[in-house]
Amino acid sequence: MPGFDHHSEHFAQHWRETYRELRAICPVAHSSAHGGFHVITRYADVKRVLGDPETFACGRDLEFDASDGQRYVTGGVTIPVNPVQMGMMETDPPRSQSYRRPLAPLFSPKAIAAYEPRLGEIISWAVDRVIGSGRLDFVDDLANPIPAMISLDYFGLPLERWHDYAVALHQAAYLQKGSARAVRALVEDLRGIIAARRGTVGERDDVVDRLLTVEVSGARLSEDEVVNQVFMLLNGGIDTSTALIAGMFGHLGAHPDQRAALAADPGLIPNAVEEMLRWFTPGPGVARTVLAPVELGGVLLRPGDRVLLALGSANYDEDVFGEPDAVALDRENSAKHLAFGFGVHRCLGAFLAPAEMRLLLEEVLRRMPDYEIDFESVVHYPTIPLINGYIAMPATFTPGPRVLDGFDGRLPIRASVPA
């Protein structure tokens, strides 16, 4: 399929049928776009590649012997390469695991469970901001602020930055004009914050502190390394969740029977969140670079070849998920989705994001269960190479009361009491 281009508007509008066709007739297809790459569409093949980092690399600057002599390849996890390095996502084992290992306990199920009360506060605070008005935009009022606030709060970054960070990463996801400049400003802001944190290193056991204290190959991380890791975590934690939140409420807005079922039985919600992750797959694809000759789906891949792993296609593979085009809230194997990847690079937020989705879904179903989306005003991203999300999703609902007392009106923190 030489015309396949995951950056095109046509793909954004027809990605499900495009992938359905590829899975059926050419599961390892070649595209001539962006310098040429293979697109891998079947679940088993995608999972195999994700589980074999020795053959399929994430790194950006790769050097290895090939049949045509010494070769250098600019790799990375996007096609074409992202202008800003994506931390450990674009680092191969064992070094990537040296970054990941000290952070893993902070993202464990136990750690996320301990954080849930604070998660609930941030979500309630965001809903409180709109509950009295009877109208909201699911993107601007919930999907954009909540993941940004939670990410900054959990990582140990200043909460007052949430708006600038959320807008920069959100607009960069759909390539809004000027967004690259905003992302560069975000990175420079991070650099200043992290430099200042070196003066208090060891005082707070949060994500930034762990990165400032960890040693890799016997040395502390450089400023650039810490900035890259934090930037990667922000990318992973913010706009992917933004996309999923909007997609989730959009679907339930169009299917009030499913919304009513979840409201009547909240015990269905955890599995429903997994099904939403399968159905929407907010990060629809990730790239790798072939390091050694390998056969995949009947196609011989050579060292230096670039491959795009179509996560959004794998999660619709008919051999794994029956009736994949339908959202089945009680699907038994929903959790087999590859929305978080697989193997040594599986998303660190794979427990945080579902907890966030579950609590938010419970809150909205409890406090604004009759919301109605103005579907004629919904705006989808024009292209979806990195994130499959929404720009606008306005809705109305029956107004209700606020639930939090004593919180600052500008940030989800308790207001200070005058001495």
Side-chain angles (χ1 to χ4, degrees), residues 6 15 19 37-60 75-79 82 85-97 99-101 103-104 106-109 112 147 151 173 228-229 231-244 273-291 296 306-317 320-321 333-357 384-389:
H6 54 305
W15 65 272
Y19 280 151
F37 63 95
H38 290 84
V39 54
I40 316 297
T41 55
R42 287 182 177 168
Y43 183 96
D45 292 335
V46 170
K47 190 173 180 180
R48 174 185 169 188
V49 172
L50 291 170
D52 185 2
E54 294 182 350
T55 305
F56 300 94
C58 295
R60 287 167 72 96
V77 297
T78 62
I79 296 175
N82 195 318
Q85 184 164 356
M86 298 296 289
M88 70 184 81
M89 277 183 67
E90 295 192 322
T91 308
D92 291 301
R95 191 170 186 84
S96 62
Q97 302 315 103
Y99 296 132
R100 182 186 179 96
R101 199 171 298 113
L103 296 180
L106 295 178
F107 291 91
S108 68
I112 300 307
S151 295
N228 284 342
Q229 302 309 327
F231 180 72
M232 181 276 294
L233 291 168
L234 288 171
N235 269 277
I238 294 183
D239 211 59
T240 50
S241 296
T242 298
L244 180 60
V273 168
E274 298 295 340
E275 175 70 346
M276 296 292 180
L277 281 159
R278 182 196 71 82
W279 169 260
F280 292 108
T281 314
V286 65
R288 295 288 190 269
T289 304
V290 179
L291 294 182
L296 194 69
R306 298 277 283 147
V307 296
L308 178 69
L309 308 179
L311 304 177
S313 175
N315 287 341
Y316 277 71
D317 192 325
V320 180
F321 304 104
N333 68 345
S334 293
K336 290 187 70 173
H337 67 76
L338 298 177
F340 292 123
F342 175 77
V344 297
H345 290 286
R346 188 170 189 260
C347 176
L348 268 173
F351 299 110
L352 177 59
E356 180 181 327
M357 296 303 133
I384 59 169
L386 303 177
I387 305 290
N388 187 0

Going by the rule salt bridge (charged side-chain N to carboxylate O under 4.0 Å, His left out), which residues pair with Arg42 if we only count those two or more places apart in sequence or in a different chain?
none

In Å and rounded to the nearest 0.5 Å, what is the CG to NZ distance from Asp317 to Lys336?
10.0 Å

Could you state the interatomic distance from OG1 (Thr242) to CD1 (Ile387), rounded to the nearest 0.5 Å?
8.5 Å

Nearest heavy atoms of Leu244 and Met276, plus distance in Å
CD1-O, 3.7 Å

I need the Leu338 CG to Cys347 SG distance, nearest 0.5 Å.
13.0 Å

To the nearest 0.5 Å, atom CZ of Arg278 lies from atom CG of Leu311 at 13.5 Å

Got Phe340 and Leu277 here, is their nearest side-chain heavy-atom distance under 4.5 Å?
yes

Measure the spacing between OH of Tyr19 and NE2 of His6 and express it to the nearest 0.5 Å.
7.5 Å

Between Leu291 and Glu54, what is the shortest heavy-atom contact and its length?
CD1-O, 3.6 Å

Look only at the side chain of Thr91 and the backbone of Gly87, and say whether a donor-acceptor pair between them is shorter than 3.5 Å.
yes

Non-neighbouring partners of Arg95 that pass side chain to side chain donor-acceptor pair (under 3.5 Å), sequence neighbours left out:
Tyr99, Glu225

Tell me the closest heavy-atom pair linking Ile112 and Leu106, and the distance in Å.
CD1-O, 4.1 Å

Indicate the atoms forming the closest heavy-atom contact of Pro53 with Val344, along with that distance.
CG-CG2, 3.9 Å

With Tyr316 via side chain to side chain donor-acceptor pair (under 3.5 Å) - residues at least two apart
Arg16

side-chain contact (heavy atoms from CB on, under 4.5 Å) evaluation trace for Leu308 with His38:
CA-CA 6 Å; Leu308 178 69; His38 290 84; over 6 Å; no

My understanding is that only residues two or more places apart in sequence, or in another chain, count here; which of them pass side chain to side chain donor-acceptor pair (under 3.5 Å) with Thr55?
Asp52

So, do Val290 and Phe56 sit near enough that their side-chain heavy atoms are less than 4.5 Å apart?
yes

Between the side chain of Asp45 and the main-chain N/O of Ile40, is any donor-acceptor distance below 3.5 Å?
no

For Thr41 and Ser313, work out which heavy atoms get closest and say how close.
O-OG, 2.7 Å

Before giving the answer on side-chain contact (heavy atoms from CB on, under 4.5 Å), spell out for Asn388 and Trp15 the whole-Å C-alpha distance, their side-chain angles and the decisive distance to 0.1 Å.
CA-CA 10 Å; Asn388 187 0; Trp15 65 272; 3.4 Å; yes

Pairwise side-chain contact, Leu50 with Arg288, heavy-atom cut-off 4.5 Å (strictly under):
yes

Of all residues at least two apart in sequence or in a different chain, which pass the salt bridge (charged side-chain N to carboxylate O under 4.0 Å, His left out) check with Arg60?
Glu90

Inter-residue atom distance Leu296.CG - Arg48.CZ, 0.5 Å rounding:
5.0 Å

Pair His345, Val77 - check side-chain contact (heavy atoms from CB on, under 4.5 Å), show working.
CA-CA 11 Å; His345 290 286; Val77 297; over 6 Å; no

So Leu103 and Leu233, side-chain contact (heavy atoms from CB on, under 4.5 Å) or not? Walk me through it.
CA-CA 11 Å; Leu103 296 180; Leu233 291 168; 4.1 Å; yes

Nearest heavy atoms of Ser241 and Ala353, plus distance in Å:
OG-CB, 4.3 Å

Is the closest side-chain heavy-atom distance between Leu348 and Met88 below 4.5 Å?
yes

Can you name the residues that form a side chain to side chain donor-acceptor pair (under 3.5 Å) with His337, not counting sequence neighbours?
Glu274

